[in-house]
Amino acid sequence: MAALSKSIPHNCYEIGHTWHPSCRVSFLQITGGALEESLKIYAPLYLIAAILRKRKLDYYLHKLLPEILQSASFLTANGALYMAFFCILRRGLLTIYMANLVLLFCITAAMYMFFFRCKDGLKGFTFSALRFIVGKEEIPTHSFSPEAAYAKVEQKREQHKEKPRRMNMIGLVRKFVDSICKHGPRHRCCKHYEDNCISYCIKGFIRMFSVGYLIQCCLRIPSAFRHLFTQPSRLLSLFYNKENFQLGAFLGSFVSIYKGTSCFLRWIRNLDDELHAIIAGFLAGISMMFYKSTTISMYLASKLVETMYFKGIEAGKVPYFPHADTIIYSISTAICFQAAVMEVQTLRPSYWKFLLRLTKGKFAVMNRKVLDVFGTGASKHFQDFIPRLDPRYTTVTPELPTEFS
């Protein structure tokens, strides 16, 4: 049992910012490092998103940079303000344990896909993102009729006949794929008019696997080119990295399982029903096994709760609390940061590495030995670390590092 009611005489310099005695200087150092890392994260992320969404030139000139700076400042504030309030309050909150990752994602995916299939179920970026991932064929209503879709397919076939292609490797592959698409079963309720159900699922997997692979490659570009001259061999890891294939497998399998299950249910029940999305989404959630990410799972779950909360407000079923989403996020962040100080061993290694990156390694030089009195094992992974403290700024005579003792 952790003795959290106990107190210790040490000040914030002796516990928190052990690298510098000044609270102000430490805050500025944390802020600068967090801002730098935030820009490295969000700049390529927003650029990739803009390219995938085929933004016009006006967006790149007037909106891209403000959106990057807005998100970067948000993430920077997470790291910088924690240190600021650590100095002001010198206390924190208790930690919690997280639910099963894959099961949570399955439930979250099931509800998201159900809302996606329902009329006015999702709006804005969430709807656009899911439409990009699973395709407009899974949306109940379309801006074009089945007759127009068939006419479009026939027009493409006529164009292919008028312009014969050279039979190179790409042409052979395309001819093979076209032959698969033309022949095979497709239920009358399915809206993928150009493909049969089998090729529809295969194409969905290939498309999103490629997207996931390219996204992961782009995210690794800054770190890869950092070692361009010192370790050129590391550039190969940009393309042949396990995480690249894991994200691709995650997105590809999610789409193919969802589409395959939806088609299967249409064949079995002989109708297209929004309730199919719950089963298909739940089964598609198993794809999280290829790319286990607490960040993705918890973020989507929290956004789902937010979506359901606002839908409840629109329906008049739940009361409206001003800034409820901000309060919930603040509490969740405080819990995670408290765990990073008092019980690092309870955090996922990936999240701990992210915090170290965000703070330029300064989260690891906190004086956790003086926190062991609370019984949380704060210094469990920092047994050999003793900070070099200036006695002029301490309230308790500091312990000397091993080389000076």
Side-chain angles (χ1 to χ4, degrees), residues 27-53 55 59-60 62-84 101 105 125-126 128-129 132-133 208 211-228 234-235 237-239 241-248 250-251 288 291-303 325-326 329-330 332-337 339-340 344 347-364:
F27 169 75
L28 293 176
Q29 290 176 342
I30 288 289
T31 303
L35 179 60
E36 179 184 342
E37 292 301 322
S38 300
L39 290 174
K40 289 180 181 179
I41 292 172
Y42 282 111
L45 189 63
Y46 274 88
L47 184 59
I48 294 170
I51 295 173
L52 292 177
R53 299 176 70 177
R55 294 287 193 178
Y59 173 82
Y60 292 96
H62 302 101
K63 296 183 179 180
L64 178 61
L65 183 59
E67 288 184 2
I68 293 174
L69 293 177
Q70 182 180 11
S71 296
S73 61
F74 155 75
L75 187 57
T76 301
N78 275 262
L81 293 181
Y82 179 79
M83 181 54 64
L101 185 64
F105 183 72
F125 176 76
T126 306
S128 299
F132 171 78
I133 293 173
M208 289 313 300
V211 170
Y213 177 84
L214 291 175
I215 289 175
Q216 196 67 38
C217 284
C218 293
L219 293 177
R220 296 180 64 86
I221 286 177
S223 60
F225 277 89
R226 193 184 308 163
H227 304 279
L228 177 61
R234 293 192 61 172
L235 287 177
S237 65
L238 182 65
F239 303 101
N241 186 277
K242 183 173 69 172
E243 292 184 358
N244 296 7
F245 296 99
Q246 286 177 337
L247 181 59
F250 164 58
L251 293 177
M288 176 61 74
Y291 190 80
K292 295 179 181 179
S293 172
T294 302
T295 304
I296 294 176
S297 184
M298 295 300 295
Y299 174 77
L300 292 178
S302 63
K303 294 298 289 184
D325 54 343
T326 304
Y329 174 80
S330 301
S332 302
T333 303
I335 292 172
C336 291
F337 274 57
V344 177
L347 292 179
R348 285 180 61 85
S350 58
Y351 186 69
W352 173 241
K353 290 179 181 178
F354 170 72
L355 290 180
L356 290 180
R357 178 184 172 187
L358 187 65
T359 60
K360 294 292 184 180
K362 290 182 172 59
F363 226 139

Show your working on side-chain contact (heavy atoms from CB on, under 4.5 Å) between Leu47 and Cys218 and close with a plain yes or no.
-> CA-CA 10 Å; Leu47 184 59; Cys218 293; over 6 Å; no
Partners meeting salt bridge (charged side-chain N to carboxylate O under 4.0 Å, His left out) with Lys353 (sequence neighbours left out) | none
Residues passing the side-chain hydrogen bond (donor to acceptor under 3.5 Å, both in side chains) test with Thr359, sequence neighbours excluded, are none
The side-chain hydrogen bond (donor to acceptor under 3.5 Å, both in side chains) partners of Tyr59 (sequence neighbours excluded) come to Glu67
CG/Leu69 to OH/Tyr46 distance, rounded to the nearest 0.5 angstrom?
-> 10.5 Å
Rounded distance (nearest 0.5 Å) linking atom OG of Ser350 with atom CZ of Phe354 | 10.5 Å
When rounded to the nearest 0.5 angstrom, what distance separates OG in Ser128 from CD1 in Ile133?
-> 11.0 Å
Aromatic plane relationship, Tyr213 with Phe245 - under 30° parallel, 30 to 60° tilted, over 60° perpendicular = tilted
Once you round to the nearest 0.5 Å, how far does NZ of Lys40 lie from CG of Leu45?
-> 16.0 Å
Interatomic distance, Leu358 atom CG to Leu75 atom CG [nearest 0.5 angstrom] | 5.0 Å
Looking only at non-hydrogen atoms, find the nearest pair between Tyr60 and Arg55 and report the distance.
-> CE1-O, 3.4 Å
Sequence neighbours left out, what passes ring-ring contact (aromatic ring centres under 6.0 Å, His included) with Tyr299? Give chain and number order.
-> none
List the atom of Trp352, the atom of Ala340, and the distance in Å for their closest heavy-atom pair.
-> CZ3-O, 3.9 Å
Quick one: pull up NZ in Lys360 and CD1 in Ile30 and give me the separation to the nearest 0.5 Å.
-> 11.0 Å
Take Phe105 and Phe250 through the test ring-ring contact (aromatic ring centres under 6.0 Å, His included) and record every step on the way to the result.
-> CA-CA 12 Å; Phe105 183 72; Phe250 164 58; 5.6 Å; yes
What heavy-atom pair brings Gly212 and Leu251 nearest, and what distance separates the two atoms?
-> CA-CD1, 3.6 Å
Do you know which two heavy atoms are closest between Ile296 and Met288, and how far apart they sit?
-> CG2-CE, 4.2 Å
Looking at Arg357 and Ile41, what are the two nearest heavy atoms and their distance?
-> NH2-CG1, 3.8 Å
Tyr291 and Leu247 have their tightest heavy-atom pair at CD1-N, 3.6 Å
Quick one: side-chain hydrogen bond (donor to acceptor under 3.5 Å, both in side chains) partners of Thr31, sequence neighbours excluded?
-> none
Checking Ser71 side chain against Ile68 main chain: does a donor-acceptor pair fall under 3.5 Å?
-> no
Of all residues at least two apart in sequence or in a different chain, which pass the side-chain hydrogen bond (donor to acceptor under 3.5 Å, both in side chains) check with Tyr42?
-> none
Is there side-chain contact between Phe337 and Leu355, with at least one heavy-atom pair below 4.5 Å?
-> yes
